[in-house]
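All values below come from the heavy atoms of this structure, side chains included, with hydrogens, waters and symmetry mates left out. Source: prediction; values computed, not measured.
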Amino acid sequence: LIDLNRANNVAITLKAFNDFSYKQLSQMIEFIDPYGKIKGDRALFMKDLLPTMAEVKAIKSYTGGDDNLVTAERWFKQIAHIKRIDEKIQVMRTIETFNMDAVVLGKSFKLLTNVCNQIMDSDRLPDLLDMVRQIGNRMNDGRGDEAVGFKLDFLPRLAQTKGSDKKTSALDLVVLIF
C-alpha cells in the first residue's frame, strides 16, 4: 500500500518505541502523552511516524486482513482515526523542547540586552550617527534642505548604497572614516 523505502523508514523509527504497543502509542498521541512517557529524541522524531494524506487514504480503503500489511501499514491503520494528529505531535514536541528552548532564548536575550546597553552607553554613538546623517545629506545634496536626523530603518540601506565604483558602499565609507 505504501512505498517500500518509506515503510522501512517508519518501521525503523517504530523500533525506538518497542516498549509500547501500537495501541498504547496511538493513545499517547491522541491524548498528547498525559503521563510524559515520550521523552528526548523520541518526541522529536515522532513526526516521522505520521502518514501522508495519500497513505491515510490508501490505508482506509484497504479491506484485507492485517496479516497482509507490513509494520508501517499496521501502524498507520492504528493511528488513521486520530484527528489533528500533526498538531498533537507538534504540541508533544514543543512540551519536550520548551525548557531547553527557553534557556537558549534567555541566553540570546541576555546577550542582546548587553549589546544594546553597550551601544547606548557608547560615547562615540552620537558621532557615528552624525556622520551617517552627513553622508546622507551629501548624497542628497541639491534635493532640498539638509536633514537634521534620520530614521533608524535607513541604516540597512547604507550597505546597499554603492559609490561610483559600484563596489564601495556607504557602510564601507562609514567604517573607513570611523
Side-chain angles (χ1 to χ4, degrees), residues 1-120 151-162 166-172 175:
L1 298 176
I2 64 174
D3 177 69
L4 185 58
N5 284 336
R6 168 88 166 119
N8 286 335
N9 289 338
V10 170
I12 290 167
T13 304
L14 276 170
K15 287 183 180 183
F17 300 94
N18 274 346
D19 45 334
F20 307 114
S21 69
Y22 289 173
K23 184 176 182 174
Q24 290 171 323
L25 189 54
S26 70
Q27 286 174 341
M28 282 186 247
I29 293 170
E30 189 167 11
F31 299 109
I32 310 176
D33 195 18
Y35 301 110
K37 292 183 175 183
I38 299 175
K39 296 283 184 200
D41 289 341
R42 294 198 307 182
L44 299 179
F45 56 71
M46 291 280 304
K47 191 146 185 75
D48 298 337
L49 294 176
L50 300 181
T52 64
M53 294 301 283
E55 290 167 340
V56 169
K57 187 176 180 181
I59 293 296
K60 285 185 174 182
S61 66
Y62 177 70
T63 56
D66 285 0
D67 52 336
N68 293 329
L69 298 175
V70 297
T71 302
E73 293 166 340
R74 284 193 301 272
W75 166 246
F76 289 167
K77 187 174 180 184
Q78 180 68 43
I79 62 171
H81 73 283
I82 300 175
K83 292 180 169 83
R84 299 185 329 271
I85 192 167
D86 287 322
E87 291 84 356
K88 290 178 180 186
I89 294 293
Q90 186 58 45
V91 167
M92 290 169 63
R93 290 173 59 144
T94 301
I95 289 169
E96 183 59 29
T97 61
F98 183 82
N99 289 336
M100 183 57 75
D101 290 347
V103 168
V104 169
L105 282 173
K107 289 178 181 177
S108 295
F109 286 135
K110 190 173 185 175
L111 176 63
L112 180 61
T113 301
N114 289 339
V115 168
C116 288
N117 287 336
Q118 288 176 12
I119 290 170
M120 296 307 293
K151 293 181 180 179
L152 290 179
D153 65 354
F154 167 76
L155 291 176
R157 284 193 268 161
L158 288 174
Q160 299 165 352
T161 305
K162 302 292 183 187
K166 306 284 188 228
K167 294 179 183 176
T168 307
S169 70
L171 181 61
D172 293 330
V175 170

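- Counting heavy atoms of neighbouring residues, nucleotides and ligands inside a 6.0 Å radius, atom NZ of Lys57 does not exceed 12 of them.
- Taking each heavy atom of Pro156 and Leu152 in turn, the nearest pair found is CD-O, 3.8 Å.
- Closest non-hydrogen pair, Arg6 versus Glu55, comes out as NE-OE2, 2.9 Å.
- Heavy-atom minimum distance, Val70 versus Ala7: CG2-CB, 4.0 Å.
- Distance check, rounded to the nearest 0.5 Å: CD1 of Ile59 to CD of Glu73 gives 5.0 Å.
- The main-chain N or O of Ile38 is never found under 3.5 Å from a side-chain atom of Tyr35 such that the two would form a donor-acceptor pair.
- At least one side-chain heavy atom of Leu69 sits less than 4.5 Å from a side-chain heavy atom of Lys77.
- In this structure, Asp19 CG and Lys15 NZ are separated by 14.5 Å, a value rounded to the nearest 0.5 Å.
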For residues 111-120, which side-chain N or O atoms pair as donor and acceptor with protein atoms under 3.5 Å away, sequence neighbours left out?
from   : atom 1 : to     : atom 2 : distance (Å)
Thr113 : OG1    : Phe109 : O      : 2.8
Asn114 : ND2    : Lys110 : O      : 3.4
Asn117 : ND2    : Thr113 : O      : 3.3

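- For the atom pair CG of Leu25 and CG of Leu14, the computed distance is 7.0 Å after rounding to the nearest 0.5 Å.
- Atom CG of Leu50 and atom CG of Asp86 lie 5.5 Å apart (nearest 0.5 Å).
- With rounding to the nearest 0.5 angstrom, the CZ atom of Arg93 is 14.0 Å from the CG atom of Asp33.
- Contact between Ser26 and Gln78 at its shortest, heavy atoms only, is OG-NE2, 3.2 Å.
- Partners of Phe31 according to the ring pair (Phe, Tyr, Trp, His ring centres under 6.0 Å) rule, which considers only residues two or more places apart in sequence or in another chain, do not exist here.
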Step by step, work out the side-chain contact (heavy atoms from CB on, under 4.5 Å) result for Phe76 and Leu1. CA-CA 11 Å; Phe76 289 167; Leu1 298 176; over 6 Å; no

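- Counting all heavy atoms, side chain and backbone alike, Phe17 lies closest to Phe45 at CE1-CE1, 3.8 Å.
- When all heavy atoms are compared, the tightest approach of Met46 to Ile89 is CE-CD1, 3.6 Å.
- Between Asn8 and Leu4 the shortest side-chain heavy-atom distance falls below 4.5 Å.
- Val10 has its side chain within reach of Leu49: a pair of non-hydrogen atoms, C-beta onward, lies under 4.5 Å apart.
- Salt bridge annotation for Glu96-Arg42: absent, with no cationic side-chain nitrogen under 4.0 angstrom from a carboxylate oxygen.
- Side-chain contact between Thr161 and Ser169 is absent, with no heavy-atom pair separated by less than 4.5 Å.
- Summarising the geometry, atom CD1 belonging to Ile29 is positioned 14.0 Å from atom CZ belonging to Arg84; distances are rounded to the nearest 0.5 Å.
- Tyr22 places a side-chain heavy atom less than 4.5 Å from the side chain of Thr71.
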